Amino acid sequence: MGSGLVLKSNGELLTVASDAFVFTQRVAGGMPYAIGIETQPRNPSQTCAIEHESGVVANADAMDTIVKCTTDRFQVGGQVTGLQGSGLTLTAEFGGTLAIDANGSFVLPDAVPSGATYDVAVTGQPSGAAVCRVVGRSGRGVVADASVTNIDIACAAREPPPMMRFCEDRACDDFAPVVVKICPQQQPQCVPTRSTRIHLRVDGKRVSGGLVTLNGTAGLVTILESGGAQVSNTILQWYAAPYVVVRSNANVTFTYYDLSPVWGGATNVDFESALRSNSTLDATFYRHVSYATPTAAADLFADATDAVNTEEHMVEMTSEKIDAHFVPTELVVSGEGNFSFGNGMVSINYGNPPYIEAMGGILNTAMPRFAHETSHELFNEIGRPYGDNSSCLNEGVADALGYTSGFLPENEFGPMGLRGLDFELDGCPAMTEMHDIGNCPLWFVKKAGLLTPSFLRSLFHPQHDYAFDSCALNRHTGNSLLVMYTEAAGDGTNLGPVLDAAGIPHAATYQAAKSELGL
Ligand SMILES: [Zn+2]
């Protein structure tokens, strides 16, 4: 029950803190008594009523007065702006589901009990061109003792996937098309007589970048004739072109979805997006229209919300609200396609159908990367304390946090590095790849049983301003890690053996390391 219930009897006020109450004033036998409610409880807000509130005291204590309290419920709502079309659906665990087809104020159908957390999500988007989001963190809170009216839902035009433009309205006019030709290996100077334009589209609009696999019988060569693209014989990746012209007399199909070319016309490669939004996360899931993934958007939204909340809780820090884009390989325009942009936006490449199949589902391909990139967004909030070059530390912390929060499998953390080296056999100074350099020392912290949530929390709240190159595992870095790790482990734990196991040089003690660093 709530606190602050005050009862009144014969002028005496009694604050009730438990299920039973007795007034201290005694009432003589034969005299009447009456009990009333002076103040109703708060936190949660409740309304109490009294049964057997009055009577005449007989020859024993009057103990049959019963106070029954029910938790108050309040409406939860807010405003919608920018809405066009119908089909906007909001859902909240306690508030129920509401379909909205007009701008203005809204109220969820079910009143929410005082003390309960409401968390409103956009679970259905309107039919028109706009998509709707929960603005900032306005959709979540705890109901106190009044209606909630400040949830903002804003609808606006769809954004293109990360690092892309929509090519409508001449937005791609300053880009040249990419032109490639595909020839038999024996005849790379072939002169194809047919061509097609690949239009990569999202929600019906052309986008300025992409990746297309070129599938055909072996023995073909792909030659870039003009435009900016990365070309191999089987992969074509570009980041700034209105479309791609493929010239070929060979039989090829495009993308992991095996699309047949429309020679002499446009070969449309169509993706559609599904955006879900709550106070933790905006998550856009893109899929090829032929690829049936009935629950992926909802599952990713649920798991990613859980991952953000878990990581934020673990390190006691928040970043900007996460704006996640789960893209198939075709919408990857740079590198492997996993990015943290430092402004809350992350891009996650969830792969392609054969890869997803091999990995056992989209969640298995996407969630470890998401947990990693979200950690980068949190690390970005630390700012100055890790001066010089914190990039390897940042990578190591991203996998350590993803692993500790339960979203990144152990074998993606260590001990095998990305370049085939083994942290435990080769030692950390042998590592050459930045994730490996970052993961390796933290792997030995984990091996020592010290990689706890509080250890990670401490790394996000350093006690000193450091200046070390986290990608150079020399004595200066070793001393910095010794101080950081010792303070993170707490209780005077000696971290020297952990650094020794990692093969990283350092001063003999925490104090000596501190003084060498001038801290
Ligand atoms: Zn990273």
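Both backbone and side-chain heavy atoms feed into the values below; hydrogens, waters and symmetry mates do not. Owing to the predicted nature of the structure, the values given are computational and were not obtained by experimental measurement. For ligands, and for the atoms within them, numbers begin at 1 and follow the listed sequence.
In this structure, the side chain of Glu377 engages the main chain of Gly344 through a donor-acceptor pair within 3.5 Å.
Among the atoms of His372, an N, O or S atom falls under 2.8 Å from the Zn ion (ligand 1). Taking 2.8 Å as the criterion, Glu395 counts as a coordinating residue of the Zn ion (ligand 1), since one of its N, O or S atoms falls below it.
Per residue His376, closest N, O or S atom to the Zn ion (ligand 1): atom name NE2.
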Run the numbers on Glu516 and Asn479 for side-chain hydrogen bond (donor to acceptor under 3.5 Å, both in side chains), then give the verdict. CA-CA 8 Å; Glu516 277 189 33; Asn479 286 340; 2.8 Å; yes

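Across Asp119, Thr123, Asn278, a single residue satisfies side chain to side chain donor-acceptor pair (under 3.5 Å) together with Thr91, and that is Thr123. Each of Phe254, Tyr256, Phe271 was evaluated against His288; a single residue qualifies, Phe271, per the ring-ring contact (aromatic ring centres under 6.0 Å, His included) test.
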